[in-house]
> 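The structure's right below; bear with me while I get my questions together.
Nothing fancy with the numbering, it's 1 onward along the sequence. Just so you know, these numbers use all the heavy atoms, side chains as well, and skip hydrogens, waters and symmetry mates. Everything numeric here is computed off the predicted structure, so don't read it as measured data.
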Amino acid sequence: MELLPLVCLCLLSCSGDAVRVVVEEDSDAVLPCLISTEEDISGKLFHWSKDDQNVFLYDAGVHSEGEQFKGRVSFFQDQLQNGDASIKITRTKMADSGTYSCDFPRLQPRQTSIIELVVAVRVVVKQDSDAVLPCLIRTKEDIAYQVFDWKKDGQQEVFMYDAGIHYNNGLQGQDEQFKGRVSFFQDQLQNGNASIKITRTKMADSGTYSCDFPRHQSRQTSIIELVVAVRVVVEQDSDAVLPCLISPKEDISGKLFHWVKDGQKVFLYNAGFHSQGEQFKGRVLFFEDQLQNGNASIKITRTKMADSGTYSCDFPRHQPRQTSIIELVVGAASKPYVTTVKTADGMVLQCGVLGASPKPKVEWKDSSGNILPVKDLKETESGGLYDIVLQAALTTTDTFRCVVTQSKISHQTEAQTYASVSVPPPKAVPPPEPVPPRKSVPPPEPGAAAAPGSNTGLLMLFFLLLLLF
């Protein structure tokens, strides 16, 4: 898919005005050159050079290519009769960026056309990761005392460097969106490297970036398209919203945008008319009331496993062309159900996961994050969907979490429960046997004779005293 079409920023003339051609890396670039008299030039000499380096030489039917362009440059034989000396460079690369001249050295007056070729590099990163946007001055000279300026979509100030002063050490003017997230490579300035790194990328960072050397003798600009790929993870049979917003925001109700999945049509909108791909018939909606805000997002209903894939949202007629990349993953594990179950061996923690794809890893963890030993694990698979039931012995009172991880899609969900170990009641101690009451002996009646043997103790004490003395 062509990313950035040929863009001419000014009209070609024979007075030396420059034409800018912007193309995507690995695509073809046509560099225009027409003689003002439109006469037949098939028997004449013309020469293409880039920064004084040979690109293509044509001399009355004999032609050759420069070393860097071997096998990649062609001309339009059938157009020579119309004075057209344009060339096409195939499989362009970033090193092809530069200032080209098309010269008729033997023509009177001598005619020269100047074309600036910018090979736009596409950088695709995942959301929340870092993105390095490359920019190298062609002369590879030391730029520590030069000025270079990074902008997004021609408006937002991303990063400016001016002979050691920049947005990270006092220079004012940086857009709020990029504050604290952009750095440059200080040790690479001596090699002409003005690349920057944007950290913690987000979808709003997607767009066309330009790196410009405004005060350099041969002004040079690099174009980089940053695409921050967003991942949308949903359960099967649920709805998925795939985001796509044009930058800067503008009304797109009268424009064309196109959604494609792995090269297959999903949804096409063209100035009010819209249609859906066969696989998505009756399942794709767009947000009509949001078109005025540049919102081309769509919603896919009743998602199924086959909907998983890489989606692109493209504005093919927009200048510059804009593309958003979204990865849809259908089959994420839903929140697991957890419970406690009484078994012959005692109470166990049980966790169930239904209809997950890809196959998840299921674990029980205690409040300290320790993984509990598996007591029992049951797994079943049907149509690529997995049902899993995991049990772990309950040995202590705590708050437990069942954690479900799908590493392949960077998805994790969990559920928790509080469970206590029942303490058995203490063994019952039988009450002591009652002590029978002592029989009470009635006191002797007054004047009654003592019972025999009642004075025996006194008599024994009397005889002991006699023996002692």
> Between side-chain atoms of residues 278-291 and protein atoms elsewhere (two or more places apart, or another chain), which donor-acceptor pairs fall under 3.5 Å?
{"from": "Q279", "atom 1": "OE1", "to": "Q264", "atom 2": "NE2", "distance (Å)": "3.1"}
{"from": "Q279", "atom 1": "NE2", "to": "A306", "atom 2": "O", "distance (Å)": "3.4"}
{"from": "Q279", "atom 1": "NE2", "to": "D307", "atom 2": "OD1", "distance (Å)": "3.0"}
{"from": "R283", "atom 1": "NH1", "to": "T301", "atom 2": "O", "distance (Å)": "3.1"}
{"from": "R283", "atom 1": "NH1", "to": "R302", "atom 2": "O", "distance (Å)": "3.3"}
{"from": "R283", "atom 1": "NH1", "to": "D307", "atom 2": "OD2", "distance (Å)": "2.9"}
{"from": "R283", "atom 1": "NH2", "to": "Q279", "atom 2": "O", "distance (Å)": "3.2"}
{"from": "R283", "atom 1": "NH2", "to": "D307", "atom 2": "OD1", "distance (Å)": "3.0"}
{"from": "R283", "atom 1": "NH2", "to": "D307", "atom 2": "OD2", "distance (Å)": "3.3"}
{"from": "Q290", "atom 1": "OE1", "to": "N293", "atom 2": "ND2", "distance (Å)": "3.1"}

> Could you tell me whether the side chain of S357 and the main chain of G384 form a donor-acceptor pair under 3.5 Å?
yes
> Please confirm whether the backbone N or O of S49 pairs with a side-chain atom of N54, one donor and one acceptor, at under 3.5 Å?
no
> Can you check whether F400 reaches V338 side chain to side chain, under 4.5 Å on heavy atoms?
no
> For a 4.5 angstrom cut-off between non-hydrogen side-chain atoms, does D175 reach V158?
no
> For residues T303 and E235, report the shortest heavy-atom separation together with the two atoms involved.
OG1-O, 3.3 Å
> To the closest 0.5 Å, what do you measure between CG (N295) and CG (L245)?
4.5 Å
> Looking at K365 and I371, what are the two nearest heavy atoms and their distance?
CE-CG1, 4.0 Å
> Could you tell me whether the side chain of V374 reaches within less than 4.5 Å of the side chain of L390, counting heavy atoms only?
yes
> Give the minimum heavy-atom separation between V147 and P214, together with the two atoms involved.
O-CD, 3.6 Å
> Is any side-chain N of the basic residue among D162 and R215 closer than 4.0 Å to the acidic one's carboxylate O?
yes
> Measuring from atom SG of C351 to atom CD of E414, what distance do you get when rounded to the nearest 0.5 angstrom?
10.5 Å
> Does V230 offer a backbone N or O that forms a donor-acceptor pair with the side chain of Q127 under 3.5 Å?
no
> Under 30°, 30 to 60°, or over 60°: which ring-plane class applies to F178 and Y209, parallel, tilted or perpendicular?
perpendicular
> Kindly compute the distance separating OG (S74) from CD (E65), expressed to the nearest 0.5 Å.
8.5 Å
> Kindly say whether S36 contributes a backbone atom to a donor-acceptor pair with the side chain of Q111 at under 3.5 angstrom?
yes
> Hey, does F76 have a side-chain heavy atom less than 4.5 Å from the side chain of N82?
no
> Using a strict cut-off of less than 4.0 Å between a Lys/Arg side-chain nitrogen and an Asp/Glu carboxylate oxygen, indicate whether D128 and R231 qualify as a salt bridge.
no
> Just to verify, what does N169 make a side chain to side chain contact (heavy atoms under 4.5 Å, CB included) with, not counting sequence neighbours?
I165, H166
> In Å, rounded to the nearest 0.5 Å, how long is the span from CG of D239 to CD1 of I300?
10.0 Å
> Using 30° and 60° as the class boundaries, would you call the ring planes of F257 and Y269 parallel, tilted or perpendicular?
parallel
> Evaluate side-chain contact (heavy atoms from CB on, under 4.5 Å) for I41 paired with F46, printing each intermediate quantity in order.
CA-CA 9 Å; I41 57 172; F46 61 87; 4.1 Å; yes
> Quick one: do E25 and K93 make a salt bridge, cutoff under 4.0 Å?
no
> Check the pair Q350 / Q391 against side chain to side chain donor-acceptor pair (under 3.5 Å), numbers first and verdict last.
CA-CA 5 Å; Q350 181 167 296; Q391 290 185 343; 2.6 Å; yes
> Tell me if a side-chain donor or acceptor on D153 pairs with a main-chain N or O of Q155 at a distance below 3.5 Å.
no
> Taking the side chain from S97 and the backbone from V119, do they hold a donor-acceptor pair closer than 3.5 Å?
yes
> So do the side chains of H411 and V329 get within less than 4.5 Å of each other, counting heavy atoms only?
no
> Taking the basic N atoms (NZ, or NE/NH1/NH2) and the acidic carboxylate oxygens, is any pair closer than 4.0 Å for K255 and E250?
yes
> Side-chain contact test, heavy atoms from C-beta onward, threshold under 4.5 Å: evaluate it for V232 versus P243 and give yes or no.
yes
> Can you tell me if Q172 uses its side chain to pair, donor with acceptor, with the backbone of G170 under 3.5 Å?
yes
> Hey, are the side chains of S275 and K265 touching, using non-hydrogen atoms and a 4.5 Å cut-off?
yes
> Could you pull out the closest heavy-atom pair between A392 and W364, with the gap in Å?
CB-CD1, 3.8 Å
> Tell me, do F75 and D84 make a side-chain contact under 4.5 Å, heavy atoms counted?
no
> Does N270 form a side chain to side chain donor-acceptor pair (under 3.5 Å) with H258? I'd like the steps, not just the answer.
CA-CA 8 Å; N270 190 3; H258 189 203; over 6 Å; no
> Could you verify whether a donor N or O on one side chain and an acceptor N or O on the other, from S312 and D314, lie under 3.5 Å apart?
no
> Looking at V22 and A120, what are the two nearest heavy atoms and their distance?
CG1-CB, 4.3 Å
> Starting at CD of E225, measure out to CG of L133 and round the result to the nearest 0.5 Å.
11.0 Å
> Is it true that a side-chain atom of Q156 and a backbone atom of K151 form a donor plus acceptor pair closer than 3.5 Å?
no
> Please evaluate residues S86 and Q79 with respect to the criterion side-chain contact (heavy atoms from CB on, under 4.5 Å), reporting the C-alpha separation (whole Å), side-chain torsions for both, the decisive distance (0.1 Å), and the verdict.
CA-CA 9 Å; S86 303; Q79 293 299 315; over 6 Å; no
> Please report the C-alpha distance between L226 and V125 in whole Å, then the side-chain angles of each, then the deciding distance to 0.1 Å, and finally whether the side-chain contact (heavy atoms from CB on, under 4.5 Å) criterion is met.
CA-CA 8 Å; L226 174 61; V125 296; 4.0 Å; yes
> Run the side-chain contact (heavy atoms from CB on, under 4.5 Å) test on L354 and L385 for me, step by step, so that the C-alpha distance in whole Å, both residues' side-chain angles and the decisive distance to 0.1 Å come before the verdict.
CA-CA 8 Å; L354 301 176; L385 300 176; over 6 Å; no
> Do you know which two heavy atoms are closest between S297 and C244, and how far apart they sit?
OG-N, 3.0 Å
> Which distance, rounded to the nearest 0.5 Å, do you find between the NZ of K361 and the CD1 of I388?
12.0 Å
